[in-house]
Every structure is written in structure tokens, then in C-alpha cells.
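To keep things clear, I will list the structure first and then write my remarks on it.
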Amino acid sequence: MTSPSGIDRHIGLDWLRIGAFGLLILFHIGLYFGPGRWLVKWPDTLEWVAYPIAAIAPWRLMVLFAVSGYASAAMLSRARSVGACLGDRSLRLLLPLIFGTLVIVAPQDWVRFQVSGDYRGSLAWFWTHQELSFGFFHDAFLPNWEHLWFLGYLWGYTALLAWVLIALPASLRWLDRLADWLAQDS
């Protein structure tokens with residue numbers, strides 16, 4: 001982790017991330033057609049869809065967090081300081097989280113409330129009066145980040161790692177040894 005040029009890009013992990021996101025998309029499509037509760041549902045449930053969903057469910061997020069952890073380690077190895085790495089990671093994660101929450105998720109919440117009959121106001125009123133209320137509105141906490149929670153968690157883990165590395169600088173040597181051990185062949 002401490003090489004001058006940083007951790008090299010790992011093409012296998014890139015393909016793993018692409019495959020994992022592809023399966024995650026299929027997983028969510030399956031939730032639409034399969035049995036069980038989901039945000040929106042196909043009126044005629046396809047029972048067989050439960051099997052591929054069950055096959056993907058246990059490990060889908062583990063893979064994404066593992067790949068993200070590798071990417072975080074690579075960014076940290078290239079950064080001039082832990083603080084610079086946290087700043088860069090904050091821009092990469094928090095800006096899309098804020099944008100997505102306000103511009104992509106908020107209209108989805110509004111439509112969901114409209115369809116359920118819980119809300120009849122305009123989207124503009126919803127944005128300015130409900131979405132940023134930081135409280136419960138018809139059993140939903142707003143602002144709602146829906147599937148963007150992943151970005152918030154990644155940022156939280158990055159901030160925690162940065163705090164550990166700044167507060168306990170010796171932990172970096174331990175993490176270096178752990179990363180070297182995990183990356184060794186055979």
C-alpha cells in the first residue's frame with residue numbers, strides 16, 4: 001500500500017465490479033416480477049424468479065463493498081495525505097449523493113406519495129416543504145436517499161478509516177501488512 005506509485009489498477013476487480021452491478025440490476029428487475037414486497041410490483045407474480053433472487057441476495061453487497069475497499073486503498077496509496085484522500089473521496093461520494101437525493105430520488109418519493117393517495121401537492125411544494133424536512137412524512141423519513149445509501153455508507157467508512165489513520169498512525173503499517181498478506185500469490 002505504500003509504493004510510491006500507489007496500488008496498481010486491477011483489471012479483474014474492474015470486471016468483478018461490472019459483473020456485480022449487472023447482477024444487481026437483474027436482481028432489482030427480479031424484485032419487480034418476483035414474490036415478496038417491493039416498491040412497485042408486476043400484477044402477476046412469477047414464482048420462479050425467487051430462486052435467482054435468493055442466489056444473488058447473500059453476497060451482492062459484500063462484493064461491492066470489497067471492490068470499493070480496494071478502490072479506497074488505492075486512492076489512499078496515491079494521495080498526498082489522509083486528509084487529501086478524504087477530501088477527494090468526499091467530492092466523489094457526497095456530491096453525487098446530494099444530487100441524487102434531491103434530483104433523482106425526491107421526484108420518486110413524490111410520485112409514490114401521489115400514487116398511494118398520501119399527498120396531493122405539487123412537486124415544487126413537496127421539494128421545498130417536505131423533502132428537506134428531516135423528519136417523517138407518511139411513515140417515510142425525508143430526505144430519502146433510497147438506493148444511494150451505498151454512497152453514504154462508503155463515505156462514512158472512508159471518514160472512519162481517515163479518523164483511525166490520523167488518530168492512530170501506526171494502524172497504517174498494520175493495514176499495509178494486512179493488504180500485502182491479502183494480495184500475495186498462493
Side-chain angles (χ1 to χ4, degrees), residues 13-72 75 85-163:
L13 283 177
D14 289 342
W15 281 107
L16 181 61
R17 179 177 30 212
I18 291 167
F21 273 105
L23 284 176
L24 202 57
I25 291 168
L26 292 174
F27 175 83
H28 286 91
I29 291 170
L31 292 175
Y32 176 71
F33 292 102
R37 195 171 162 271
W38 186 238
L39 300 171
V40 290
K41 294 299 286 183
W42 179 256
D44 301 319
T45 299
L46 304 173
E47 296 297 324
W48 66 267
V49 174
Y51 296 105
I53 289 172
I56 296 170
W59 55 268
R60 70 191 192 280
L61 294 175
M62 253 186 319
V63 170
L64 293 175
F65 276 116
V67 171
S68 295
Y70 184 88
S72 295
M75 289 174 68
C85 182
L86 180 60
D88 183 49
R89 197 72 165 150
S90 295
L91 285 175
R92 291 173 184 247
L93 295 173
L94 293 180
L95 288 180
L97 175 62
I98 292 166
F99 175 82
T101 298
L102 296 178
V103 177
I104 297 171
V105 176
Q108 293 174 16
D109 287 336
W110 177 73
V111 167
R112 191 174 313 130
F113 290 132
Q114 290 280 316
V115 169
S116 70
D118 289 336
Y119 187 75
R120 292 289 171 227
S122 70
L123 176 58
W125 183 265
F126 179 78
W127 248 321
T128 57
H129 292 83
Q130 264 72 48
E131 183 62 28
L132 295 176
S133 64
F134 290 91
F136 283 92
F137 180 73
H138 294 285
D139 296 326
F141 186 83
L142 298 176
N144 179 8
W145 57 12
E146 283 291 339
H147 283 68
L148 298 176
W149 67 265
F150 186 74
L151 297 175
Y153 277 56
L154 281 180
W155 183 85
Y157 294 145
T158 302
L160 179 63
L161 176 63
W163 179 85

State, to 0.1 Å, how close [X] and [Y] come at their nearest heavy-atom pair, and which atoms those are.
| X | Y | answer |
| --- | --- | --- |
| R89 | S72 | NH2-OG, 3.0 Å |
| F113 | A140 | CZ-CB, 3.9 Å |
| L95 | L91 | CB-O, 3.4 Å |
| G30 | V49 | O-CG1, 3.3 Å |
| R60 | L24 | CD-CD1, 3.6 Å |
| T101 | E131 | O-OE2, 4.0 Å |

[atom1]/[X] to [atom2]/[Y] distance, rounded to the nearest 0.5 angstrom?
| X | Y | atom1 | atom2 | value |
| --- | --- | --- | --- | --- |
| I53 | W38 | CD1 | CH2 | 9.5 Å |
| L123 | Q114 | CG | CD | 9.0 Å |
| Q108 | E146 | CD | CD | 6.0 Å |
| I98 | L148 | CD1 | CG | 11.5 Å |
| S68 | L151 | OG | CG | 9.0 Å |
| L61 | Y153 | CG | OH | 10.5 Å |

Counting heavy atoms not belonging to [X], are there more than 12 under 6.0 Å from its [atom1]?
| X | atom1 | result |
| --- | --- | --- |
| F141 | CZ | yes |
| W149 | CH2 | yes |
| Y51 | OH | no |

message: Show, in sequence, the C-alpha distance, side-chain angles and deciding distance for F137 and N144, and conclude whether the side chain to side chain contact (heavy atoms under 4.5 Å, CB included) test is met.
response: CA-CA 10 Å; F137 180 73; N144 179 8; over 6 Å; no
Quick check: do [X] and [Y] have side-chain heavy atoms less than 4.5 Å from each other?
| X | Y | value |
| --- | --- | --- |
| F33 | T45 | no |
| L23 | W59 | yes |
| Y157 | L161 | no |
| Q130 | W125 | yes |
| W127 | S122 | no |
| L86 | W163 | no |
| V105 | H147 | no |
| Y119 | R112 | no |

- request: Evaluate side chain to side chain contact (heavy atoms under 4.5 Å, CB included) for L97 paired with W155, printing each intermediate quantity in order.
  value: CA-CA 10 Å; L97 175 62; W155 183 85; over 6 Å; no
